[in-house]
Structures are given as structure tokens and as C-alpha cells.
Amino acid sequence: MNECHISSLLMQLDDNKREQVSAHIAGIPGTQVHHQAGFINRLIIIYETNSPSQINKLIEQLQHLEGVYTVAMIYHQVCSEDTINEAIA
């Protein structure tokens with residue numbers, strides 16, 4: 001069975017590095033970066049992958065970016081790809 005892991009991460013960062021960090025994240029397959037007015041020094045990242053270890057690798061990678069203070073997973077869901085395909089159809 002193929003699994004799909006959907007997670008959301010909350011990142012706190014130096015607001016002066018927001019655009020640079022956002023551009024880096026946007027280049028990572030499976031990620032979406034969300035900004036919200038009034039969310040100074042924070043980004044929300046949605047990440048979809050087929051492996052839970054990839055989530056951990058992404059968090060570690062993001063923690064090492066210049067200007068990043070913290071990265072925390074705030075949501076994680078595991079589904080089978082069949083379930084997702086049924087929901088889409």
C-alpha cells in the first residue's frame with residue numbers, strides 16, 4: 001500500500017529573510033508556502049510526501065536555513081493513495 005503523508009509546519013524566522021527562505025522552500029517538491037497578513041516572523045508550510053522520514057529531513061533542512069529560528073510540525077495525516085484518489089474522483 002502506498003501512503004501519502006500530509007503535514008503542516010510552523011516556522012518562525014527573521015522577517016528580513018522571509019522572501020529568501022520562502023523562495024528556497026518553494027523550490028522543494030511537495031511544498032507550499034503560506035503567508036498571512038499579520039503573521040510577522042512566521043510561515044506555514046504544507047508538505048506532501050510518501051515517506052515520514054522525508055518530513056524529518058525537511059524539518060532538519062529548514063532548521064539550518066539562515067534566519068530560521070524554529071520549525072515545528074503542527075499537523076500530520078497519513079492516508080493511502082487509494083483513499084486520496086477516491087476523494088478526488
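In what follows, every heavy atom counts, from backbone to side chain, and hydrogens, waters and symmetry copies are set aside.
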Quiz item: Can you check side chain to side chain contact (heavy atoms under 4.5 Å, CB included) on Ile59 and Met73, steps first, answer last?
Solution: CA-CA 8 Å; Ile59 291 170; Met73 183 166 42; 4.2 Å; yes
According to a 4.5 Å side-chain heavy-atom criterion applied to Ile, Leu, Val, Met, Phe, Trp and Tyr, with indirect links allowed, do [X] and [Y] form part of one hydrophobic cluster?
X	Y	value
Val21	Tyr69	no
Leu9	Val68	yes
Tyr47	Leu65	yes

Quiz item: In Å and rounded to the nearest 0.5 Å, what is the CD1 to CD1 distance from Ile44 to Ile74?
Solution: 5.5 Å
Quiz item: Which value, rounded to the nearest 0.5 Å, describes the distance between Leu58 atom CG and Thr49 atom OG1?
Solution: 9.0 Å
Exercise. Please test Leu62 against Ile45 for side chain to side chain contact (heavy atoms under 4.5 Å, CB included), starting from the C-alpha separation and ending with a verdict.
Key: CA-CA 11 Å; Leu62 297 177; Ile45 301 147; 3.9 Å; yes
Practice problem: Identify whether the distance between the nearest side-chain nitrogen and carboxylate oxygen of Lys17 and Asp14 falls below 4.0 Å. | Solution: no
Quiz item: How far apart are the C-alpha atoms of His5 and Ser51, what are their side-chain angles, what is the distance that settles it, and do they pass the side chain to side chain contact (heavy atoms under 4.5 Å, CB included) test?
Solution: CA-CA 7 Å; His5 294 261; Ser51 167; 5.6 Å; no
Check whether any side-chain heavy atom of [X] sits under 4.5 Å from a side-chain heavy atom of [Y], and report yes or no.
X	Y	answer
Ile46	His34	yes
Met11	Arg42	no
Val78	His76	yes
Glu3	Asn50	no

Quiz prompt | Within 6.0 angstrom of Gln77 CD, more than 12 heavy atoms from elsewhere | solution = yes
Exercise. Looking only at non-hydrogen atoms, find the nearest pair between Val33 and Ala26 and report the distance.
Key: CG2-N, 4.2 Å
Practice problem: Please name the pair of heavy atoms, one in Thr31 and one in Ile28, separated by the smallest distance, quoted to 0.1 Å. | Solution: OG1-O, 2.7 Å
Practice problem: With side chain to side chain contact (heavy atoms under 4.5 Å, CB included) as the test, would you mind laying out the steps for Gln63 and Gln61 before giving the verdict? | Solution: CA-CA 6 Å; Gln63 288 174 332; Gln61 177 185 358; over 6 Å; no
Self-check item: Whether Asn41 side chain and Asp15 backbone form a donor-acceptor pair below 3.5 Å
Solution: yes
Quiz item: Under 3.5 Å, side chain of His64 to main-chain N/O of Glu60, donor-acceptor pair present?
Solution: yes
